[in-house]
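Worksheet: the structure to be examined is printed underneath.
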There are 2 protein chains.
Amino acid sequence: MAIDWTKLPSLTALRAFEAAAQTGSFSQAARSFNVTHAAVAQQVRALEEHLGLKLFERSARGVQLTAEGSELARTLVTGFALIAQGVEALQDKNRNRPLRVTTTAFFAESVIFPRITDFWKQHSDIEISFTPSDEPIDLVAQGMDIGIRAGRGPWPGLRCLDFVQSPTRALAAPSLVDDPGVDWSQVPWLIPDSSTWEREALSQSGIDARQIKTVDLGNPALEIRAGEEGMGLVLEAEIDVRAQLAAGSLKIAPIPIAHVSRFFIVTPPWTPRPPVAAFIAWLRALAPQLSATGD
Amino acid sequence: MAIDWTKLPSLTALRAFEAAAQTGSFSQAARSFNVTHAAVAQQVRALEEHLGLKLFERSARGVQLTAEGSELARTLVTGFALIAQGVEALQDKNRNRPLRVTTTAFFAESVIFPRITDFWKQHSDIEISFTPSDEPIDLVAQGMDIGIRAGRGPWPGLRCLDFVQSPTRALAAPSLVDDPGVDWSQVPWLIPDSSTWEREALSQSGIDARQIKTVDLGNPALEIRAGEEGMGLVLEAEIDVRAQLAAGSLKIAPIPIAHVSRFFIVTPPWTPRPPVAAFIAWLRALAPQLSATGD
DNA sequence: TTTCAGTTGAAAGGTGAGCTATCATCTATG
DNA sequence: CATAGATGATAGCTCACCTTTCAACTGAAA
């Protein structure tokens with residue numbers, strides 16, 4: 001029951017006709033599409049030829065529908081109006097939708113939340129919802145506007161901007177770090193079994209991943225808690241544990257890590273709507289400030 | 001309250017999306033427009049970018065609408081269906097409409113009607129309505145499919161085909177023609193005051209239009225009747241008065257006329273629908289036969 | 001009456017939206 | 001495990017659609 005478009009005239013022609021019918025003038029119709037009168041006249045002529053019917057009476061003062069013309073116009077007007085209305089409704093809904101941002105929980109807590117009031121000073125009307133996620137969720141499928149991701153970009157099908165960099169650190173509880181007798185090679189690393197970047201960072205730093213003990217706690221929040229309790233070594237971007245460093249609950253262990261965590265602002269492939277663009281601009285303006293205190 | 005098309009996505013993209021939504025497959029949608037799957041995929045992607053929304057979940061087995069996608073699809077389906085339906089209704093009406101032919105009354109009587117049964121032998125399903133008209137009426141405005149016109153073509157805005165030619169004759173009642181004592185310069189010409197081609201034909205034949213008497217009877221049928229009654233000279237294409245010549249009610253007067261009446265098949269500028277084309281073909285096949293007996 | 005502003009028509013030429021062609025990838029299915 | 005049929009990506013072509021330009025017509029204003 002699908003429509004057989006091969007036998008129907010071009011939609012451009014139908015739209016031109018509809019506009020001309022409603023305005024009663026080719027010139028005025030042309031203005032509503034930002035084209036010339038000649039373009040509309042050609043489309044209407046083509047439509048008349050396709051149908052084998054005269055749709056307008058022409059005169060020097062404008063055009064007037066024939067009987068057949070007004071019959072056609074009546075259905076086209078409602079059809080196009082329906083379409084336009086449907087699209088506009090979706091656009092409005094989309095425009096007024098709150099900004100949806102996804103980051104790791106730590107990044108949100110230690111970087112975004114302390115500064116978010118500054119953003120709202122500039123854009124009090126923009127509603128933002130944060131979705132913490134450690135997994136690299138599919139932004140587009142989840143209807144997210146912005147993701148902040150650590151790792152190596154770019155990701156396929158997503159637009160990807162450099163955000164900030166932060167040195168990766170090996171961290172542990174002060175009780176361990178302040179103990180000069182610790183044999184670090186015996187301290188377990190609290191890193192996931194499956195994740196790759198942690199092991200790469202270690203091997204880049206001259207640590208053989210096969211020779212170390214690891215404990216997989218399943219999520220970064222637990223890893224940090226466990227690290228604070230002295231269970232082992234935590235591998236994190238400094239920027240993510242700044243709160244713990246400040247509080248003294250974690251200290252940088254004397255194990256140099258030759259790796260830098262790069263954070264990216266990731267967006268869907270299309271041009272961001274204005275609130276999204278505003279938030280991205282604000283984030284990027286933040287970057288130098290973050291990096292300055294970061295090293 | 002006209003629609004602002006500048007903010008709406010391209011209709012091509014909307015149509016592609018609608019078809020994909022209904023079929024659940026880019027490839028199948030593509031087939032319904034005779035395009036490739038890539039064309040549809042591009043249009044849908046462009047639409048998604050325009051709206052900043054994901055409309056389909058893609059998989060290797062086809063596509064599935066997202067929530068937003070199905071919302072959009074619902075209004076598009078009805079909108080496009082309305083449009084298609086409106087156009088198709090008009091096309092059907094137009095297709096089944098009887099053939100409308102306009103000729104002079106004489107031409108219809110002496111040329112068409114005697115042979116029309118032959119046409120219906122070939123096309124029994126084509127209904128024809130004849131509108132006799134001596135005035136060069138506007139074919140298109142009157143919704144005519146075919147006109148047969150004498151005079152000089154082409155006419156602006158109309159398609160024009162040569163049909164037949166017939167010598168123009170000066171004719172009078174036998175009582176006059178057979179009377180050797182008639183002074184033809186004193187016999188009035190039964191021609192309209194306003195028409196131009198009759199006077200041109202006369203002056204082409206060496207007859208000064210200002211030196212003759214004329215009587216304007218208002219229409220050709222009356223002119224011929226009056227001619228048969230001996231009221232004066234009639235100027236007609238031979239093909240138009242063949243019936244009178246055969247019956248002996250009019251005879252060719254001994255006044256040579258250096259003019260040939262040319263008949264044209266005139267149609268609206270667009271491609272004729274099948275019944276129209278059939279009738280034109282039949283008419284043109286008739287032409288040699290008419291010319292053969294004509295001179 | 002003349003001018004002017006605004007309409008439509010016609011035709012030549014330019015250009016970008018939309019298409020094809022092609023290759024790669026993925027997944028059900030036999 | 002190979003095949004059929006789906007989607008994605010992209011380079012490049014082409015024609016549908018547009019602009020440009022000129023001419024004719026009309027009604028209102030000067």
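Quick caveat, the model's predicted, so the values are computed rather than measured. Heavy-atom basis, side chains included; hydrogens, waters and symmetry copies ignored. Reminder, nothing fancy here: chain letters follow the sequence lines and each chain counts from 1.
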- Go through dG9(C), dA9(D), dA11(C) for me and flag the one nearest to the R45(B) side chain. dA9(D)
- Message: Starting the side chain at C-beta, find the nucleotide from dG9(C), dG27(D), dT19(D) nearest to V35(A).
- Response: dT19(D)
- NZ/NE/NH1/NH2 to OD/OE distance under 4.0 Å, D162(A) and R284(A): no
- Message: Using a heavy-atom cut-off of 4.0 Å across all strands, would you classify A39(A) as base, sugar-phosphate, or nothing?
- Response: base
- Task: Compare the minimum distances between each of dG9(C), dT7(D), dT7(C) and the side chain of S27(B), then state the nucleotide with the smallest one.
- Result: dT7(D)
- Item | More than 12 heavy atoms from other groups under 6.0 Å of CD on Q85(A) | no
- Going by ring centres under 5.5 Å and near-parallel planes (under 30°), is H37(B) stacked on dT7(D)? yes
- Note on the structure: Regarding the side chain of S25(A), the nearest nucleotide among dT8(C), dA6(D), dC18(D) is dT8(C)
- Among dC18(D), dG5(D), dT26(D), find the nucleotide with the atom closest to the side chain of A60(B). dG5(D)
- Message: Nearest to the side chain of T12(A), heavy atoms from C-beta on, is which of dC25(D), dG5(D), dC18(D)?
- Response: dC18(D)
- Query: Where each residue is assigned the nucleotide of DNA chain D containing its nearest heavy atom, which of A13(A) and G62(B) is assigned the position nearer the 5′ end?
  - Reply: G62(B)
- Task: Just call it for A46(B): base, sugar-phosphate, or nothing, with non-hydrogen atoms closer than 4.0 Å on any strand.
- Result: nothing
- Message: Can you identify which nucleotide, out of dA11(C), dG8(D), dA21(C), has its nearest atom closest to the R58(B) side chain?
- Response: dG8(D)
- Task: Look at the side-chain N and O atoms of T36(B) and state whether any lies under 4.0 Å from the OP1 or OP2 oxygen of dT20(C).
- Result: yes
- Message: Within the 4.0 Å heavy-atom criterion, would you say Q43(B) contacts the bases, only the backbone, or no part of the nucleic acid?
- Response: sugar-phosphate
- Item | Electrostatic pair E48(A)-R58(A), nearest N-O below 4.0 angstrom | yes
- Message: Please classify the nucleic acid contact of R31(B) as base, sugar-phosphate, or nothing, using heavy-atom distances under 4.0 Å.
- Response: sugar-phosphate
- F130(B) vs F279(B) aromatic rings, parallel, tilted or perpendicular, using cut-offs 30° and 60°? perpendicular
- Task: When you get a sec, tell me which of dA12(C), dT8(C), dT27(C) is the closest nucleotide to the side chain of R61(B)?
- Result: dT27(C)
